[in-house]
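Only heavy atoms go into these numbers, but all of them, side chains included; no hydrogens, no water, no symmetry mates. Remember, it's 1-based here, ligands and their atoms both numbered in the order they're listed.
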Amino acid sequence: MSVLKIKNLQVSLNKKNILDKIDLSIKNGETHILMGQNGAGKSTLAQSIMGNPNYSVKGEISFDTHSLLELDPQQRAALGIFLSFQQILEIPGVKIYDYLKLLHKKSHEKKLTPMKFKAFLKERMEILSFNEEFLKRSLNHGFSGGEKKKMEVLQMLVLEPKLIILDEIDSGLDIDAIEAVAKAVNFLKKEKKSSVLLITHYSRILNFLSVDHVHLLSKGKIVKDGDGLLVKQIEAKGFAAFLKE
Ligand code: ADP
Ligand code: MG
């Protein structure tokens, strides 16, 4: 069964048409890769799924049995959709531990005892090689770019979303951090049967992650679908070779 189903999606921003006739279905537990040149509309697709109100959206997006277009971003998140941000907020004064505890409480019906929550968090922090000192710091304050991204992934591991959307999370990360992100995704795929839509320019992360489908977006349209091999071909030959076909 499809977790996410997009049909004949058309998205515009300030009256400019950005996405056109997009069809995309992601089944339970599948990993899909979305590639395309800068400006192709990849982030627009991710933002439209999440419900960014700046875009005007026509067509259908459904998630499980819910039609998403009537729902605001918070309601979509509550259904189990997670989108990583390309820009990350700094909130000095909010301790990471308290923030993650709140996130867990809001996203899970079953409350954990403080001891069980600590164990829950420890298991997830180990995936990302965060040490316990980290929990005492304030949210994203004075973090490096890589730490901010790993912090986002830690939030994802606490939320345990059914659909993970990562928008160029691997850009600017070193290979160890990329492997850690992939490990986190694999953890949720295994534990929660989460589905994944990963936007990327590189095949590096795919050394650690198995892929079911790849979609190539160009000028707002999906122009090619394939399997994991397509990523390597695109990386080797460049986009232009595929756009001429
Ligand atoms: P990608 O993520 O694939 O690089 P985006 O989804 O960010 O592409 O952008 C898709 C298109 O939307 C681009 O052509 C871009 O120029 C346009 N765009 C982005 N932001 C705005 C804006 N605020 N106003 C008008 N057009 C925009
Ligand atoms: Mg983008």
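Residues Asp227 and Val211 have side chains not in contact (no heavy-atom distance under 4.5 Å, counting atoms from C-beta outward). For the pair Arg76 and Phe63, the minimum side-chain heavy-atom distance is 4.5 Å or more.
Interface atoms of ligand 1 facing Gln37, defined by a heavy-atom separation under 4.0 Å, are 3 (O). Residue-ligand proximity, Thr44 to ligand 1, at heavy-atom distances under 4.0 Å covers atoms 5 (P), 6 (O), 9 (O), 10 (C).
The part of Lys16 lying near ligand 1 is the side chain, judged by heavy-atom distances below 4.0 Å.
Lys162 has a carboxylate O that lies under 4.0 Å from a charged side-chain N of Asp64, or vice versa, which qualifies the two as a salt bridge. Checked for salt-bridge contact, Glu160 and Arg124 meet the test: a charged N lies under 4.0 Å from a carboxylate O.
The cationic atom of Arg137 (NZ for Lys, CZ for Arg) does not lie both less than 6.0 Å from the six-membered ring centre of Phe134 and within 45° of the ring axis. Geometric assessment of Lys136 against the ring of Tyr97 yields a negative cation-pi assignment under the 6.0 Å and 45° thresholds.
In summary, Asn38 places no N/O/S atom under 2.8 Å from the Mg ion (ligand 2), failing the contact criterion.
In the candidate list Leu34, Asn38, Leu13, Leu13 is nearest to atom 27 (C) of ligand 1, counting heavy atoms. For atom 12 (O) of ligand 1, the candidate residues are Ile18, Asn14, Leu19; the nearest heavy-atom contact is made by Ile18.
Ligand 1 lies less than 4.0 angstrom from a heavy atom belonging to Gly41.
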